[in-house]
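Here the structure comes first, spelled out in C-alpha cells, and everything after it is commentary.
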Amino acid sequence: MSETYNPGRIEPAIQAQWEKDNAHRAERGEGERFYCLSMFPYPSGKLHMGHMRNYTICDVISRYQAMCGQRVLQPMGWDAFGLPAENAAMANGVPPARWTRDNIAHMRDQLKSLGFAIDWERELATCDPEYYRWNQWFFLKLLERGIAYKKTGKVNWDPVDQSVLANEQVVDGRGWRSGALVEKREIPMYYLRITDYADELLDSLEQLDGWPERVRTMQANWIGRSEGAEISFACGDETIKVFTTRPDTLMGATYMAVAAEHPLAVGAARNNPELATFIAECQKGGTSEADVATQEKLGMDTGLKAVHPLTGDELPVWVANYVLMGYGEGAIMAVPGHDERDFEFALKYDLPIVQVISLPEGREYDHQQWHDDYAAKDGALLNSGPYDGLTCQKGVEAIVADLESNNAGRGRIQFRLRDWGISRQRYWGCPIPIIHCDECGDVPVPEKDLPVVLPEDLIPDGGGNPLNRCEAFINTSCPQCGRPAKRETDTMDTFVDSSWYFLRYTCPDNDQAMVDASTSQWMPVDQYIGGIEHAILHLLYARFWTKLMRDEGLVNVDEPFARLLTQGMVLAETYYREDESGRKTWFNPADVDVERDDKGRLVRAVLAADGGEVQPGGVEKMAKSKNNGVDPQALVDQYGADTVRLFSMFAAPPEQSLEWSDAGVEGAWRFLRRLWSGVQAHAEGGTHSGPIPAQLSDPARELRRLLHETIAKVGDDFGRRYTFNTAIAAIMEFSNHLNRFEARDDNDRRVRQEAWEAVVRLIAPVTPHVSESLWQALGGQGSVFDAGWPEVDDSALVRQAVTIVVQVNGKVRGRIEVPPESPEDQVREAAMAEENVVRFVDGKTIRKVIVVPDKLVNIVAT
RNA sequence: GCCGGGGUGGCGGAACUGGUAGACGCGCCGGACUCAAAAUCCGGUUCCAGUGAUGGAGUGAGGGUUCGAUUCCCUCCCCCGGCACCA
C-alpha cells in the first residue's frame, strides 16, 4: 500500500480483481432481485459528460443496493441504429456499420475504466441481427393482430436532394444540405395503433407512483383525452364532421375551417385556381408541430357553405393552415367568440364574432381584443335561442341531446395522441420484413426467413436511402407465388429498438425466443435512469410495447419501469470572440483562463494560447456548436475515475441540470486525498477492532453520535431521496470532524476504527476503488462490497441538550440550551429569560408565545 | 404557439412535513510551512452600518395567507426541456 493516493495505480488493479472474481455477475448473491437500468447510449464516438453522469447515478444506486444485500442486475448495451452513423458516413466515407462498431469498442473501454459494476456478459447492440430479428418477428405478430397497418403520412421532402428529411435536418424551413425550401409530402408508411391503448396508457399512469409527477403530467397531456362531441354539418352533398370540446358554444359558430388536405378543400380547389395555389402554399415548410403552430394564421374562403345543424343558418367554409389534418376530423366549427385562435382568425378576415357565454358581473365583451376569460366555462349561455340561461355544463348536455335526436352528432371522447408511424426512409435501421409482389401485394416475410439482414457495406451519400439501389437486397421472390418481387426498403424507427431492449438484457443469448422465463423473474425494472428529454416519446413507446408483448403472452407485467429518475442536463460555460461581421468563434473552457477580483468575481477571460481576451457567453448545454464540451476521459486520466465520479455526484442533485466546473473537480480530488491520508495515519497505529465500550470520553461519545447520524442520513439519501450531493456533503462533514478527532486511549482508537470503517463503506458506492483500497488498509477481509452497509446504533444518537432558537416577532434574538423534550412551560420560561430577548420584549405586551418542541420559540409582542 | 420544469452569496448548491436562509464544496482574503513557488495545513468570507456586542436588508419582481413563507396562493419577467423523422 502506497503512502499517497495514486488512482492511476490502484484503479486498474482493482478493476482487474473485480473481473477475476466475476464481482458484477447478476446471478451473484442470494438477496431479492433488483434491476437497475440506465437508458442505453447512442454510440456517438466517445463518452460525454451526460453519459458519465447517467451511469454514475446508476452505479451508485446499484452498488448501494448490493451492499444492502440485493441481487443487482446492471446491464449495458448500445442504441446502435440511427441518423448520426449515416451523417458520419457521408462526411468520412466509412460504412455506418464499421463506424458504429468502432465507436462501441472505444466507449466500452471508457465505461470499463470508470469502474461501473456492469454485468458485461449481457451486452447487446440493436444493430446486431440477433437483436433486430425480434423487432421483425414481433412486427409480423402485430400485423396479424391488426395493430400494425399501412396508411399515408406526411414527411419533410427535400426537392433538390430528392430525399426525406428528419425534423432536425430542416433548418429555418430549408434542407440542411441543399438549402432548398422543404415541402410536405404524403407517402405510404406502417403505423402501430397506439391509440387503441390510449385509455390504458393514461389510466395506468396513476399507478406509477415511483415516477416523477412532472413526467406523468407530461404523458397525460401528450395523450390528451378530451371529452366533447362530434357534430355533422351538411355541405352540399357532403358532410363536414368536426370534433369540439365546447358543444355548448355551438350557437356561436360563425364559420367552418378545414385543413388544406381535407377532401372538401381539395375538391373545391379543382375549379378554383386561386384556392389551389393557396393549398399548395400550405404545403410549404416543415411538418413539425412547432413549425406549424408558430406560423402566421392564413386562410381562404372556399365559397362552400355549411348548414348549421340546429339553426339551419349557412356558414362559410374556409381553408385554414391552423387546422391540422392529423387531429380530430381535420375540420373545426369556429367559435371566434370563445376560442382564441378562431378569434384571431375572425378578426383578421373580418368574420363575425358572436358572444354566447356570459362574462362575470361588470365585464364587457370586447370584439376587438381577446381576453383569456372568454374561454372560461363558468358563465351562462346567451344569444343561444332556446339554450339561453343554461350553465355551460347544462348547455353541453342539452345541445348534445338535440344533436343526437336530429342525427347530427353525439358525445365523443377524443385523444390528442396519434398512431405511431414507424417507417423511416433510411438505410441504417432494422429492415421492415415485407415483400412487395405485383400479384400478391404486400406480403410478410415468413418467420423461417427471419431475420431480413441489413447489408452492412453501403455508404449513404445524401441522395436518399442506398438500399433502394442495392439490387442484392431488393430483389427476391414472393413467398406466396414465387414470382420475382421486391423487398421493402424502409427501416424501422429507432424508438422500436429502444422500446424493449430492457427485456432482452434478461436473456440476451436466447436464439430461440424474444424473451423467456428469466424475463419474468427480473421484470419490472426496479429503477430506470435517463435524461428528462425522454420524458414523453421513448418512455411512452416503451410502455406501449410492453403492453403489446403482455397481450401476446410474452411478459407478465403491465408496466416496464417501477421507479424512474430523470436526470438533468450537463452544462458548461461558453466563451467566444466576435469578428467584424458578427461571426462568433467559440473556445473550449479548457483552453480559457479566467481572472477574478478580490471578491472572486470574474473580471476577464483570456485564451491561454494567445493571451487575448474572450467574452463569456453564459452557461449552456454541452454541445459541439458552442465548443463547450468537457471530455470526461481527460479528467479521468488526470484525476482517476473516483474523483470524477465523486464530483459529478456532488455538484448537483441528479434531477437538476449540472453546471460543470473543473475547479470543483479539484475539491473532490482534495477530499479523496484527505480521506486517504486520514485512514493511513490511523492505520499506522494498528487497527483496533473489538466492541465499543459503554463508557466513553465526551469527544468520543460526540463523535459516535455524529457518525451514527451520518450513517442514517446517507442511507436515506442513497436509498430513498437519491440526493447524492447531500449524502456526500454529510460524509465530508463527518470526515472533517474525524480528521480533527484526537484519540487519547484505546477506547478512542476503537471509536476511530469504527468511524473510518463506516466512512469507507458509506462512500463506497460513489468511489469504489478508493474504498476497496482503504478497506484493506483498515484490516477488512475481502471486498468492501461484501462487508454490508453500516448499521445505525440508536443508542449512540441520544443527545444531552438541544439548542432552541428564540424569536421575537419572527426575528431570531437569541438561543437557549435545554435538555431534549423539555416541557413547554420550562422552555418558554428559559426563552423569556434570555438576555437579548428581554431587551426586545421590554415595555411590550406579550400577545402570544409559540413553542415548536426542540426547535423554536416565537414570542409575539407589541 | 402548446405542454412540463426552474430562478437562493462571486460560483455549484443546502434548508426533506410552513419553523435558525446560505450546510458541503469552489473561488477569494489573511496566516503557517518554504530560499521561493506549488502542494498541504489553520482562520475568515451573503450584503450594508459598526472596532465590537449588535442592528438593518435579503431566496427573479410585485402582491396575498400566516405568529412565522425559499417552502402555500395570485399576477408578471427571465432561463431551460419536449412538441411525434435527433436520440
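Per chain, numbering begins at 1; letters A, B, ... match sequence-line order. Reckoned from all heavy atoms, side chains included, excluding hydrogens, waters and symmetry mates. All values derive from a computational prediction rather than experimental measurement.
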Query raised in the report: How is A/T723 classified with respect to the nucleic acid when contacts are heavy atoms under 4.0 Å: base, sugar-phosphate, or nothing?
Result: nothing
Requested in this report: Answer with yes or no whether A/N858 presents, from its side chain, a donor or acceptor under 3.5 Å of a partner atom in the base of B/C67.
Outcome: yes
Requested in this report: Could you check which of B/A87, B/A15, B/A57 has an atom nearest any side-chain atom of A/Y42?
Outcome: B/A87
Report task. Name the orientation of the base relative to the sugar in B/G9: syn if the glycosidic angle is within 90° of 0, else anti. Result -> syn
Requested in this report: For RNA chain B, list all stems, counting runs of three or more consecutive pairs where every pair is Watson-Crick or G-U wobble with both distances under 3.5 Å.
Outcome: B:1-7 with B:77-83, B:10-12 with B:24-26, B:27-32 with B:40-45, B:46-49 with B:54-57, B:60-64 with B:72-76
Requested in this report: Just do the side-chain contact (heavy atoms from CB on, under 4.5 Å) check on A/L417 and A/L202 with the steps written out, would you?
Outcome: CA-CA 11 Å; A/L417 183 68; A/L202 183 63; over 6 Å; no
Requested in this report: Looking at every strand, decide which applies to A/N809 at a 4.0 Å heavy-atom threshold: base, sugar-phosphate, or nothing.
Outcome: nothing
Less than 3.5 Å apart, which donor and acceptor atoms pair up between the side chains of residues 847-854 of chain A and the rest of the protein, not counting sequence neighbours?
| unit_1 | atom_1 | unit_2 | atom_2 | d |
| --- | --- | --- | --- | --- |
| A/R847 | NE | A/T862 | OG1 | 2.7 |
| A/R847 | NH2 | A/T862 | OG1 | 3.1 |
| A/D854 | OD1 | A/E821 | N | 2.9 |
| A/D854 | OD2 | A/E821 | N | 3.3 |

**Report entry** Shortest side-chain distance from A/I850, nucleotide among B/G19, B/C16, B/A87
**Finding:** B/G19
Protein-nucleotides 21-24 of chain B N/O pairs under 3.5 Å:
| unit_1 | atom_1 | unit_2 | atom_2 | d |
| --- | --- | --- | --- | --- |
| B/A23 | O2' | A/E733 | OE1 | 3.3 |
| B/A23 | O2' | A/E733 | OE2 | 3.3 |

Query raised in the report: Which is true for A/V860 with a 4.0 Å heavy-atom rule: it touches a base, it touches only sugar-phosphate, or it touches nothing?
Result: sugar-phosphate
Report task. Under the side-chain hydrogen bond (donor to acceptor under 3.5 Å, both in side chains) rule, collect the residues that match up with A/Y327, sequence neighbours excluded. Result -> none
Requested in this report: Specify the separation, in whole Å, of atom CD of A/Q219 and atom C1' of B/G81.
Outcome: 15 Å
Report summary line: Here the distance between atom C1' of B/U54 and atom NZ of A/K811, to the nearest Å, is 14 Å
Report task. Applying salt bridge (charged side-chain N to carboxylate O under 4.0 Å, His left out), name anything that partners A/E186, two or more places apart in sequence or on another chain. Result -> none
Query - Partners meeting salt bridge (charged side-chain N to carboxylate O under 4.0 Å, His left out) with A/K184 (sequence neighbours left out) - result: none
Requested in this report: Could you check which of B/G4, B/C86, B/G13 has an atom nearest any side-chain atom of A/L83?
Outcome: B/C86
Query - Cationic N near anionic O, under 4.0 Å, A/E213 to A/R216 - result: yes
Query raised in the report: Taking for each residue the nucleotide of RNA chain B with the nearest heavy atom, is it A/E340 or A/V155 whose nucleotide lies nearer the 5' end?
Result: A/E340
Query raised in the report: Using a cut-off of 4.0 Å on non-hydrogen atoms, how would the nucleic acid contact of A/V665 be classed: base, sugar-phosphate, or nothing?
Result: nothing
Report summary line: Applying salt bridge (charged side-chain N to carboxylate O under 4.0 Å, His left out) to A/E296 and not counting sequence neighbours gives A/K348
Report task. Could you check A/T803 against A/Q425 and say which one's nearest nucleotide on RNA chain B is further toward the 5' end? Result -> A/T803
Requested in this report: Using a heavy-atom cut-off of under 4.0 Å over every strand shown, decide if A/M492 touches base, sugar-phosphate, or nothing.
Outcome: nothing
Query raised in the report: Does the base of B/C67 carry an N or O that pairs as donor and acceptor with the side chain of A/R847 under 3.5 Å?
Result: no
**Report entry** Results of side-chain hydrogen bond (donor to acceptor under 3.5 Å, both in side chains) for A/S735 - residues two or more places apart only
**Finding:** none
Report summary line: Taken in chain and number order and not counting sequence neighbours, the residues that satisfy salt bridge (charged side-chain N to carboxylate O under 4.0 Å, His left out) with A/R53 are none
Report summary line: Across all chains, not counting sequence neighbours, the side-chain contact (heavy atoms from CB on, under 4.5 Å) partners of A/T126 are A/F40, A/D79, A/A80, A/F81, A/Y131, A/D497
Query raised in the report: B/C72 and B/C83: how far apart are their C1' atoms, nearest whole angstrom?
Result: 31 Å
Query raised in the report: Can you list every pair that meets salt bridge (Lys or Arg N to Asp or Glu O under 4.0 Å) and has a residue in residues 37-48 of chain A, with sequence neighbours left out?
Result: A/K46-A/D631
Query raised in the report: Between A/F647 (CZ) and B/G12 (C1'), how many Å, whole number?
Result: 7 Å
Query - Selection from B/A87, B/C86, B/G68 that lies nearest to any side-chain heavy atom of A/F495 - result: B/A87
Query raised in the report: Ignoring hydrogens and angles, are the base of B/U20 and the side chain of A/R815 linked by a donor-acceptor pair under 3.5 Å?
Result: yes
Can you check nucleotides 82-84 of chain B for protein contacts, nitrogen or oxygen pairs under 3.5 Å, and list what you find?
| unit_1 | atom_1 | unit_2 | atom_2 | d |
| --- | --- | --- | --- | --- |
| B/C83 | O2' | A/E289 | OE1 | 3.3 |
| B/A84 | OP2 | A/E289 | N | 2.9 |
| B/A84 | N6 | A/R416 | O | 3.1 |
| B/A84 | N1 | A/R418 | N | 2.9 |

Requested in this report: Would you indicate which nucleotide in B/G1, B/A14, B/C16 comes nearest to any side-chain atom of A/K713?
Outcome: B/C16
Report task. Return yes if a side-chain donor-acceptor contact under 3.5 Å exists between A/D342 and A/Y322, otherwise no. Result -> yes
Query raised in the report: Taking the side chain of A/L856 as its heavy atoms from C-beta onward, which of B/G55, B/A57, B/G19 lies nearest to it?
Result: B/G19
Query raised in the report: Roughly, in whole Å, what's the span from CZ in A/F840 to P in B/A53?
Result: 14 Å
